[in-house]
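So the structure is just underneath, and the comments pick up after that.
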Protein chains: 2
Amino acid sequence: MELQNLITEQGVRYHFEKGARVFKQGDDCEYIYLVEHGLLKAFYVTANGKETIKSFIKQHSIIGSLNAALCLAPCTFSLEALDTSVLIRFPFSQLLDESKRSITISQEVVQILLGLALKKERREFELLTLSATERFNNLRRTDPELVKKLTQNDIAKYLGITPVALSRIKHQ
Amino acid sequence: MELQNLITEQGVRYHFEKGARVFKQGDDCEYIYLVEHGLLKAFYVTANGKETIKSFIKQHSIIGSLNAALCLAPCTFSLEALDTSVLIRFPFSQLLDESKRSITISQEVVQILLGLALKKERREFELLTLSATERFNNLRRTDPELVKKLTQNDIAKYLGITPVALSRIKHQ
DNA sequence: GAGTAGCATTAACCTATGTTAAAAACTCAT
DNA sequence: ATGAGTTTTTAACATAGGTTAATGCTACTC
């Protein structure tokens, strides 16, 4: 929890209303954000204007663009509040510095990254081996609360299908 | 490179012929493997017998099942040599222990995990937003050498389509 | 309570990819 | 070179999901 304390004490707290953007695809954004509370979506907009949702971010999660942080490149996705949310912003470079100084912080970073990699691995598995119907049932099973809060539109964009297709799936 | 030295010196070296399995989906496997040289594939076999390839693993990469290592659960995928390969096996738990002891090792673990997460994020992006044709063109563009070495079957399984579909894509 | 805006459903048609099976093209050992 | 085994291509048909557009539903405003 040393990391959490560090971020809470030294980071800057921001307030976002539903619909507000934390950062936009293409921005430079060398920060990570700790979600104090609320719900957000991280999403891509493709060249032809199609939106797909990468992940939903809940209370106590940490989110940031690895691409922006690691490669000094622009963010590959946007982050938007789905609900009133409070985030604490902390510079990614400072996180790396601190983790060089303190082994406990470094340990916590390792734990966070392991969890992240595991989550991504699961998602890759689903996208690669399951049908849209199976992915939807999985989501409903593993996080019914989240499904209740989301619009069908956002669920569909997360599953990688259109809202029309999702409606069809729901009715067999 | 301290980590690399540690693994090379204390790990156990194994030799695999083309087609040999390093570990199998369902195994307990609390090790990571450093690929000294060769080429391997990490793949899932679904309940109905369909194979999909999670990733190809090249020289100098580190591979292991996060699920097995972190959750003490069975491996979710199998690892098979596509070419004669030499791997060095090292216990995951020992890696975590060492990283608690040495900040340089911990730093190296962070770097490896960041790289892994970034790779997974890119793959997630591709699976979510690109068509099979676009994914194939991407692969051809970013790693033509790899494409040359693989069978069409394995490329298709990596893209998440059938070899028949890939053949069609190649001919427009 | 009528009007408007935003979501969800339905339907008709289209396209990409799956499935199966057969034919063709390689690859290699003898 | 021959033939066996593997990989790739081709073809015909089936299915999941995309697209568009019309309709229905809910909820909020006035």
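Basis for what follows: all heavy atoms, side chains included, without hydrogens, waters or symmetry-related copies. Residue numbers start from 1 in every chain, and the chains themselves are labelled A, B, ... in the order their sequence lines are given, proteins ahead of strands.
- Remark: the backbone N or O of B:Leu39 is paired with a side-chain donor or acceptor of B:Ser85 at under 3.5 angstrom.
- If you measure from atom NZ of A:Lys170 to atom P of D:dC25, you get 15 Å, rounded to the nearest angstrom.
- Donor-acceptor pairing under 3.5 Å is lacking for the side chains of A:Arg135 and A:Asn138.
- Of the candidates C:dT19, D:dG17, D:dT7, the closest approach to any side-chain atom of B:Val164 belongs to C:dT19.
- A donor-acceptor contact shorter than 3.5 Å links the side chain of B:Gln25 to the backbone of B:Val45.
- When the nearest nucleotides of DNA chain C are assigned to A:Thr151 and B:Ala165 by heavy-atom distance, the more 5′-ward of the two goes with A:Thr151.
- The phosphate of D:dT6 (OP1 or OP2) has no side-chain N or O of B:Gln152 nearer than 4.0 angstrom.
- When rounded to the nearest whole Å, the span between CG of B:Leu159 and C1' of C:dA16 equals 14 Å.
- Rounded to an integer number of Å, the gap from B:Arg168 CZ to D:dC13 P is 14 Å.
- One can place CG of B:Asn153 at 15 Å from C1' of D:dG5, the figure rounded to the nearest angstrom.
- Counting to the nearest Å, the P atom of D:dG17 and the CG atom of A:Leu130 are 11 Å from each other.
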CA sep, side-chain torsions, deciding dist, call: A:Asn67, B:Glu121, side-chain hydrogen bond (donor to acceptor under 3.5 Å, both in side chains): CA-CA 9 Å; A:Asn67 198 51; B:Glu121 195 162 296; over 6 Å; no

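- Atom CG of B:Leu128 is separated from atom P of D:dG17 by 14 Å (rounded to the nearest Å).
- Atom pair B:Lys157:NZ and C:dT17:C1' shows a separation of 17 Å (rounding to whole Å applied).
- In this model, the phosphate group of D:dG17 is not approached by any side-chain N or O of A:Thr162 to a distance below 4.0 Å at OP1 or OP2.
- Listed nucleotides D:dT10, D:dT20, D:dG17 differ in distance to A:Ile161; the shortest reach to its side chain belongs to D:dG17.
- As a whole-Å value, the separation of A:Ile169 CD1 from D:dG18 C1' is 12 Å.
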